[in-house]
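Throughout, protein chains are lettered first and strands after them, A, B, ... in sequence-line order, and every chain is numbered starting at 1.
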Amino acid sequence: MRRHRNLAVLALLGPFCLLFAGCFLAPIGYAIYQSLLKVERSGPLGLGGDKSVFAGFANYSAALRDSEFTGSVLRVLLFGVVQVPLMIVLSVVLALLLESASARWVPFFRSAFFLPHGVPGVIASILWGFLYVPGISPIVRLLDGAGLQVDFLSSGTVLWSIANIVTWQFAGYNMLIVISQLKAVPIELYEAARIDGTNAWQLARYLKLPMARPAIVLTTVFSIIGTLQLFSEPLVLRPLTVAINDTYTPNLNAYTQAFVNNSYNLAAAEAVLLALVACLLSFGFLRLVGRQGDE
Amino acid sequence: MTSTPLRWRIIVSSLLAVAAVYFLIPVYWLVLAATKDTTGLFGSNGFWLADPHPIRYLRMVLSYDNGIYLRWIANSLLYAGVGALAATLLSSAAGYALAKFRFPGRETVFNIVLAGVLIPATALALPLYLLFNKVGLTNSYAAVLIPSMVSPFGVYLCRIYATAAVPDGLLEAARIDGAGELAIFRRIVLRVMTPALVTVFLFQFVGIWNNFFLPLVMLSDQKLYPVTLGLTSWHGYTDRAPILYQLTVGGALLSVIPLMILMVVLQRHWRTGLTQGSLKD
């Protein structure tokens with residue numbers, strides 16, 4: 001009987017674990033391995049063929065000394081510090097508004113807010129790209145008519161134009177997660193609060209907001225991870241503006257190193273650093289809110 | 001239900017309406033833009049109709065370059081459909097095993113899988129390409145399909161759902177009746193877990209459909225492209241072939257319609273069990 005159960009566990013868990021090992025653990029291990037190597041060219045003019053040799057942490061120090069790479073990391077951090085809180089606040093406010101007793105046409109509004117999540121990131125970027133480029137964009141034209149000269153693609157604004165694309169795509173999705181959390185609150189709690197004479201604002205602030213906390217934490221962590229991965233938005237917008245170069249975000253940088261410069265080892269080191277930063281930030285955030293929750 | 005003051009209703013409705021305009025304007029622009037040719041795109045007011053020929057222009061999208069667009073759509077359906085189906089089955093089996101069986105190392109396995117949720121997918125894609133390149137798997141359907149079948153988040157959801165929803169008594173009764181473990185999983189557990197399976201499938205389907213970095217890294221043959229990659233390649237050539245402006249716009253509209261309908265119709269399933277785990281902690 002015991003043996004029987006163990007076989008069942010193996011059959012149920014085995015296939016997933018095998019693929020997980022192949023597509024998650026192996027690439028991480030291989031990236032770490034590759035990041036410790038460097039390519040040495042031998043013979044006159046380096047024409048004698050390539051050979052990979054152990055390089056220690058040379059790739060890491062090269063990446064950390066590369067101002068393009070550190071600059072790209074700082075850029076997405078700045079992006080995250082501004083965009084993630086703004087988007088989460090927007091999502092929570094929309095969720096609370098939709099869940100308030102004063103809201104009308106709730107299914108329509110909920111669908112309208114959630115709709116953009118059905119648009120893939122690259123398509124959303126192509127779409128907003130058209131809305132940013134003078135000549136095609138009716139928005140630029142409208143603002144122009146009102147006497148406002150706005151360049152959405154200048155070096156000062158383009159990061160926030162990207163933030164807008166990401167917010168547009170994910171605010172409704174995060175809102176839906178918050179709403180699902182609010183729906184899980186026992187109805188008796190609301191009833192009790194209402195009998196106590198709580199007004200709509202107090203209900204939202206002191207009952208619903210604390211209740212939505214787990215969902216807010218979850219969406220924030222996923223948003224932080226998403227921010228560090230920024231890639232398709234700058235890639236699609238790059239041909240439209242000189243303000244975006246091919247090292248604009250860490251991912252774009254690693255992609256350029258690997259496929260344009262053929263520096264796979266450096267790209268691997270950058271991928272490892274990126275994963276480390278993502279884990280540090282999400283664990284750090286989880287610990288931070290965990291500690292606050294205990295108080 | 002107490003009635004709320006009219007003043008509040010007006011304020012809330014206005015705020016919601018402003019938000020709706022923000023979320024819907026790009027979609028509105030896209031629908032109108034798909035009825036215009038490249039000249040119309042540049043020459044007319046984007047928020048209004050100008051010489052609309054939706055059918056003719058959408059036909060051009062479908063027939064351009066020997067109908068490569070339809071091939072991209074079919075590829076996307078294949079990647080997302082097969083990948084999500086496999087991921088759902090694998091996640092449910094793994095989640096059920098982690099929830100309902102006691103074995104050494106169970107928590108370790110679960111914690112490693114959970115850490116997988118926090119690893120940026122794009123950080124994996126590059127080393128995965130190097131690995132697949134070694135074994136000659138790049139530039140093939142398998143290169144995109146195999147990684148799409150793994151969903152650590154799916155395992156997490158399925159474990160939580162199975163713990164809460166699959167009664168131990170039901171499993172014991174089936175075992176006493178002499179049913180084999182795999183038969184129990186197939187006939188009973190999968191049925192009980194259906195709501196969670198729908199959620200995992202949707203998540204993975206949309207995730208694969210929207211994925212761009214993995215196919216970009218893995219594929220070089222246009223015929224293997226999913227529609228996201230295909231449209232981006234059109235968009236990248238607009239400088240040389242201006243007709244691609246209108247084809248990109250029309251293709252973008254065609255590609256988002258099915259997914260938007262799917263999202264709105266199946267909204268309910270995006271809730272089920274999504275945050276149940278964090279609620280229990």
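- Below 30°, between 30° and 60°, or above 60°: for B:Phe203 and A:Tyr173 the angle between ring planes is above 60°, a perpendicular geometry.
- Ranked by heavy-atom pairs under 4.5 Å with chain A, the first of B:Ala86, B:Gly180, B:Pro152, B:Gly251 is B:Pro152.
- For the side chain to side chain contact (heavy atoms under 4.5 Å, CB included) with B:Tyr129, the qualifying choice from B:Leu131, B:Leu126, B:Asn133 is B:Asn133, the only one to do so.
- The number of heavy-atom neighbours closer than 6.0 Å to OH of B:Tyr28, taken from other residues, nucleotides and ligands shown, is above 12.
- Interface remark: A:Ala267 contributes backbone and side-chain atoms alike to the contact with chain B (heavy atom separation under 4.5 Å).
- Under the 30°/60° scheme for interplanar angles, the aromatic rings of A:Phe114 and A:His117 are found to lie parallel.
- For A:Phe170 and A:Phe222, the distance between ring centers is not under 6.0 angstrom.
- When B:Leu90, B:Leu118, B:Asn211, B:Thr248 are compared by the number of non-hydrogen pairs under 4.5 Å with chain A, B:Leu118 comes out ahead.
- Of the residues considered (A:Arg141, A:Gln229, A:Gln169), A:Gln229 shows the highest number of contacts with chain B, using heavy-atom pairs under 4.5 Å.
- In this structure, chain B has a heavy atom under 4.5 Å from the side chain of A:Val221, while its backbone stays farther away.
- Contacts between A:Val122 and chain B at a heavy-atom distance below 4.5 Å involve the side chain alone, from C-beta outward.
- Contacts with chain A were tallied for B:Ser13, B:Ala252, B:Ala20; B:Ala20 has the most, counting heavy-atom pairs under 4.5 Å.
- For A:Leu25, the part lying under 4.5 angstrom from a heavy atom of chain B is the side chain only.
- Of the two parts of A:Ile136, the backbone and the side chain both hold a non-hydrogen atom closer than 4.5 Å to a non-hydrogen atom of chain B.
- Within the 4.5 angstrom heavy-atom criterion, no atom of A:Ser137 approaches chain B.
- Applying the 6.0 Å contact sphere to CZ of A:Phe283 captures no more than 12 heavy atoms from other residues, nucleotides or ligands.
- Interface summary for chain B: among A:Val236, A:Val9, A:Leu142, A:Ile28, the most heavy-atom pairs under 4.5 angstrom belong to A:Val9.
- Residue contact with chain B, scored on non-hydrogen atoms closer than 4.5 Å, involves the side chain of A:Phe259 exclusively.
- Of the two parts of A:Ala26, the backbone and the side chain both hold a non-hydrogen atom closer than 4.5 Å to a non-hydrogen atom of chain B.
- Heavy-atom distances place both the backbone and the side chain of A:Leu97 under 4.5 Å from chain B.
- With a 4.5 angstrom heavy-atom cutoff, A:Pro239 does not touch chain B via any of its atoms.
- Top candidate by heavy-atom pairs under 4.5 Å with chain B, chosen from A:Phe113, A:Tyr255, A:Phe24, A:Tyr264, is A:Phe113.
- With chain B as the partner, the residue from A:Asn251, A:Leu19, A:Ile126, A:Leu12 showing the most heavy-atom pairs under 4.5 Å is A:Leu12.
- Chain A forms more heavy-atom pairs under 4.5 Å with one residue of B:Val113, B:Val117, B:Asp239 than with any other, namely B:Val113.
- Applying the 6.0 Å contact sphere to CZ of B:Phe42 captures more than 12 heavy atoms from other residues, nucleotides or ligands.
- Screening residues 89-101 of chain B for salt bridge (Lys or Arg N to Asp or Glu O under 4.0 Å), with sequence neighbours left out, gives B:Lys100-B:Asp168.
- Heavy atoms of A:Leu276 lying under 4.5 Å from chain B are absent altogether.
- Neither the backbone nor the side chain of A:Asn199 comes within contact range of chain B, judged by heavy atoms closer than 4.5 Å.
- Proximity to chain A (any heavy atom under 4.5 Å) is shown, for B:Ser92, by neither the backbone nor the side chain.
- The contact between A:Ser111 and chain B is made by backbone and side chain atoms together, counting heavy-atom distances below 4.5 Å.
- Note on B:Phe101, B:Trp29, B:Tyr96: by heavy-atom pairs under 4.5 Å with chain A, the leading option is B:Trp29.
- Note on A:Leu274, A:Leu115, A:Val119: by heavy-atom pairs under 4.5 Å with chain B, the leading option is A:Leu115.
- For a residue to count as touching a neighbouring chain, one of its non-hydrogen atoms must lie under 4.5 Å from one of that chain's; by this rule A:Phe108 touches chain B with the side chain only.
- Under the 4.5 Å side-chain criterion, counting only non-hydrogen atoms from C-beta, B:Ser14 is in contact with B:Ile10.
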